[in-house]
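Down below is the structure, laid out as structure tokens.
Keep in mind it's a predicted model, so treat the numbers as computed, not measured.
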Amino acid sequence: AVPRLLAQLGRSDEVRTWWRERLNAASTPPDAVHAAWRLAETSEAAGDDVEAAAAYQRILEIVPDALPAIDGWIRSAERR
């Protein structure tokens, strides 16, 4: 609910900060993947391909064969 509200208010930097904090605080691999995925999506939407690629990389460290993350990492890397 918090990220959605921030996004509706046009505060995309705060949305990414929120997901970054969730990623850093994640205590389980599924929580980390979820937060990293959201961070990657919001970073791509904001045009921050460096952060998006790093978030996708984090997912791949946990789930090496996650095809959507591989695609996202490639997409982000190509735009850098």
Point-to-point distance, once rounded to the nearest 0.5 Å, from OG of Ser43 to CZ of Arg20:
6.5 Å
Gap separating the CD atom of Glu61 from the OH atom of Tyr56, nearest 0.5 angstrom
15.0 Å
Path from [X] to [Y] over hydrophobic side-chain contacts below 4.5 Å:
X	Y	value
Val50	Ile74	no
Leu39	Val15	yes
Leu23	Leu60	no

Determine, step by step, whether Glu41 and Trp19 satisfy the side-chain contact (heavy atoms from CB on, under 4.5 Å) criterion, reporting the C-alpha distance in whole Å, the side-chain angles of both residues, the deciding distance to 0.1 Å, and the verdict.
CA-CA 10 Å; Glu41 288 179 327; Trp19 284 117; over 6 Å; no
Which pair of heavy atoms, one from Ala40 and one from Ala52, lies closest together, and at what distance?
O-CB, 3.8 Å
Nearest non-hydrogen partners of Pro64 and Ile70, listed with the distance:
O-CD1, 3.9 Å
Which residues pass the salt bridge (Lys or Arg N to Asp or Glu O under 4.0 Å) test with Arg22, not counting sequence neighbours?
none
Enumerate, atom names and distances included, each donor-acceptor pair closer than 3.5 Å involving a side-chain atom of residues 26-36, sequence neighbours excluded.
residue, atom, partner, partner atom, Å
Thr28, OG1, Asp31, N, 3.2
Thr28, OG1, Asp31, OD2, 3.1

So with a 6.0 Å cut-off around CH2 of Trp37, is the heavy-atom count from everything else above 12?
yes
Assess the side chains of Glu14 and Trp18: does a donor N or O sit below 3.5 Å from an acceptor N or O?
no
